[in-house]
There are 2 protein chains.
Amino acid sequence: MTSLPSGRRAPRGSLSAAATRRVERPAPLRQAVYDALLELIVNRTLAPGQHLVEAELAEYLGVSRQPVREALQRLQTDGWVDLRPAQGAFVHTPTEEEADQLLAVRSVLETYSAKLAAEHATAADVKLLRKLQKAGEEALVAANVERLVKANADLHAAVAAIGRNKVLSEMIGLVDRRVRWYYTPIARPRSRDSWNEHAELVAAIAEGDVERAGEVMHNHAEQTRQTYHDRKTSESSTDSD
Amino acid sequence: MTSLPSGRRAPRGSLSAAATRRVERPAPLRQAVYDALLELIVNRTLAPGQHLVEAELAEYLGVSRQPVREALQRLQTDGWVDLRPAQGAFVHTPTEEEADQLLAVRSVLETYSAKLAAEHATAADVKLLRKLQKAGEEALVAANVERLVKANADLHAAVAAIGRNKVLSEMIGLVDRRVRWYYTPIARPRSRDSWNEHAELVAAIAEGDVERAGEVMHNHAEQTRQTYHDRKTSESSTDSD
DNA sequence: CTACAGCTTTTCGTATGCAAAAAGCACTTC
DNA sequence: GAAGTGCTTTTTGCATACGAAAAGCTGTAG
């Protein structure tokens, strides 16, 4: 019994539905390329404005131009690169204006997401949120920026998932990743306040208080937005590593 | 290769007309393919669930498989087709649940869009809105469904543009097109009410009444959503052409 | 010394070719 | 007669090849 934990056992009888998902994937190469390039962009290896030559990327990643092309086009539709008509791909350069617009849209979407979460949250959902909240506060204590960023993303994603609106979740995912790209460099100073607000949000969702959850999330997002603007004025003064 | 007009016209005559700002488009073929396929999907030539074979589409459109591939992938990211790993592209089948989720998201985005519009609208903007409103009501009188749908799209797009948030406009564009795809068959019966609400919206924006504009747009979107649900219950009873 | 013109080089856009995986079908077997 | 198995066909996924357009450079003329 223990010798076949998840193997394919179908002598006769019922085949579990989970088995269909356990089948190995053929590993879509363009997806791997997409992930690789996105990682390179997010961690600034590929600088904004940089010209991305298909052949170079292909050689660097050890694949042909085709998967690279397809990945670049998807990166364009997701707003990570600009694909100029007959000139190639350039890493998107985020402007202050665009960042603010993204933060504004994120605020609206997240607020609605929080309301939905408060409306639909089950006991299990709340338990998950508390767990994520705890993970975030631990990362806060440990002053681990990477874990902090991930915990933040996980919590927001969980809230979106609880709302039971897949379209909304997908959109929030896209917007959040870009926002985080702009915002990561300054995420640290606001961490403490941010996680206090998260706690308040979780509490509101747990109580099923729709209006309060929306309000808390709105304030949370607007605070983030405000912090981003403040950075602009103080970016020349504060310079700690 | 069939006799398909490839759209490349001979450069002749004066250079003053088109040379104003954009010389001429280098004709990105994948974009043309994208538009063509999207049109075929929207007008139901390609039915939901249908398997799209790259080679067939390529021959039908008179191009190779490459641009078709790229167009299909972009269609996937925009939610029009489902691209199964090693199986090909299938026209996306909209479920009731997904349609409702899209309508919900649209409601949120459009409401915010209306608020922004009321905040930023200039005299020229209001003039444009009134012009679009008039075009819509004329189409309403003429009972021209096609013009009506276009007028509706134009008005909403104009409101979004006035808000001066490009990220938001782009998102609304995506969502609206898909919503319209689901909603078009039942757009007619609600037209009159819809345009009355539009008039109210334009008035609120003209006055710069942010809260009222948001409220009107919210009600407008929710009415649409409600109508969509009502259709489900009455789709078997009412059947007038 | 500067500006324009023509050429060269680079890079994208498209087409074609080939291998692998999945689906469909027919055959065999119980 | 039904189910399982192996093969064939179809279709995707990736790689490569070729043509075209744009950018950069060099040389020349003013």
Side-chain angles (χ1 to χ4, degrees), chain A residues 8-15 19-37 46 49-77 81-91, chain B residues 1-11 15 18-19 21-37 46 49-77 81-91:
Chain A
R8 161 171 58 116
R9 53 180 185 140
R12 59 179 176 271
S14 65
L15 52 97
T20 51
R21 293 187 61 179
R22 290 293 179 184
V23 182
E24 277 185 35
R25 297 185 182 180
L29 193 50
R30 71 199 133 157
Q31 180 64 33
V33 173
Y34 175 90
D35 293 336
L37 291 180
L46 299 176
Q50 184 172 344
H51 186 196
L52 302 181
V53 179
E54 294 178 359
E56 287 181 17
L57 298 176
E59 190 180 13
Y60 176 73
L61 296 173
V63 298
S64 78
R65 277 179 53 208
Q66 175 90 359
V68 173
R69 261 183 87 75
E70 296 176 352
L72 285 176
Q73 296 192 14
R74 198 173 140 207
L75 284 170
Q76 182 196 29
T77 65
V81 305
D82 297 320
L83 217 51
R84 296 175 60 179
Q87 196 172 349
F90 296 80
V91 179
Chain B
M1 299 177 185
T2 59
S3 57
L4 185 83
S6 57
R8 183 174 296 258
R9 59 180 65 181
L15 50 95
R21 182 164 176 170
R22 302 193 177 173
V23 273
E24 191 166 329
R25 301 193 177 180
L29 196 49
R30 72 200 130 158
Q31 181 65 33
V33 172
Y34 176 90
D35 293 336
L37 290 180
L46 299 176
Q50 183 172 344
H51 185 197
L52 302 181
V53 179
E54 293 178 1
E56 288 181 15
L57 298 176
E59 190 181 12
Y60 177 71
L61 296 174
V63 298
S64 78
R65 276 178 53 207
Q66 175 88 2
V68 173
R69 262 183 87 75
E70 297 177 352
L72 285 176
Q73 296 192 13
R74 198 174 141 210
L75 284 170
Q76 182 197 28
T77 65
V81 306
D82 297 321
L83 216 51
R84 297 174 60 179
Q87 195 172 350
F90 295 79
V91 179

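Order of the sequence lines fixes the chain letters, A, B, ..., with proteins taken first and strands second; residue numbering starts at 1 for each chain.
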From C/dT11, D/dA15, D/dT12, pick the nucleotide closest to the side chain of A/V53?
C/dT11
Supply the atom-to-atom distance B/L57 CG to B/L46 CG, rounded to the nearest 0.5 angstrom.
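Rounded to the nearest 0.5 Å, the CG-CG separation comes to 7.0 Å.
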What is the distance, rounded to the nearest whole Å, between atom [atom1] of [X] and atom [atom2] of [N]?
| X | N | atom1 | atom2 | result |
| --- | --- | --- | --- | --- |
| A/R74 | D/dG13 | CZ | C1' | 16 Å |
| B/Q50 | D/dT11 | CD | P | 13 Å |
| B/Q87 | C/dG24 | CD | C1' | 12 Å |
| A/E70 | D/dG13 | CD | P | 8 Å |
| B/H51 | C/dG24 | NE2 | P | 10 Å |
| A/L29 | C/dA19 | CG | C1' | 14 Å |
| B/L72 | C/dT14 | CG | P | 14 Å |
| A/E54 | C/dC12 | CD | P | 5 Å |

Does atom CD (A/E59) have a neighbourhood of more than 12 heavy atoms from anything else shown, all under 6.0 Å?
no
Which heavy atom of [X] sits nearest to which heavy atom of [Y], and what is that distance?
| X | Y | value |
| --- | --- | --- |
| A/R65 | A/A58 | N-CB, 3.9 Å |
| A/Q31 | A/R74 | OE1-NH1, 2.7 Å |
| A/F90 | A/G49 | CD2-O, 3.6 Å |

Check side chain to side chain donor-acceptor pair (under 3.5 Å) between B/E70 and all other residues, then give those that pass, not counting sequence neighbours.
A/R69, A/Q73, B/Q66
For side-chain contact (heavy atoms from CB on, under 4.5 Å), just list the numbers for A/L61 and A/L37, CA-CA rounded to whole Å, side-chain angles, deciding distance to a tenth of an Å, and then say yes or no.
CA-CA 9 Å; A/L61 296 173; A/L37 291 180; 4.2 Å; yes
By the 4.0 Å heavy-atom rule, please label B/L52 as base, sugar-phosphate, or nothing.
sugar-phosphate
With DNA chain C as reference, determine whether B/R84 or A/G88 sits nearer its 5' end, using the nearest nucleotide of each.
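Per heavy-atom nearest nucleotide, the more 5' residue is A/G88.
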Just to be sure I understand the geometry, which residues of residues 56-69 of chain A put a non-hydrogen atom under 4.0 Å away from DNA chain C?
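Nucleic-acid contacts, sorted: A/R65, A/R69.
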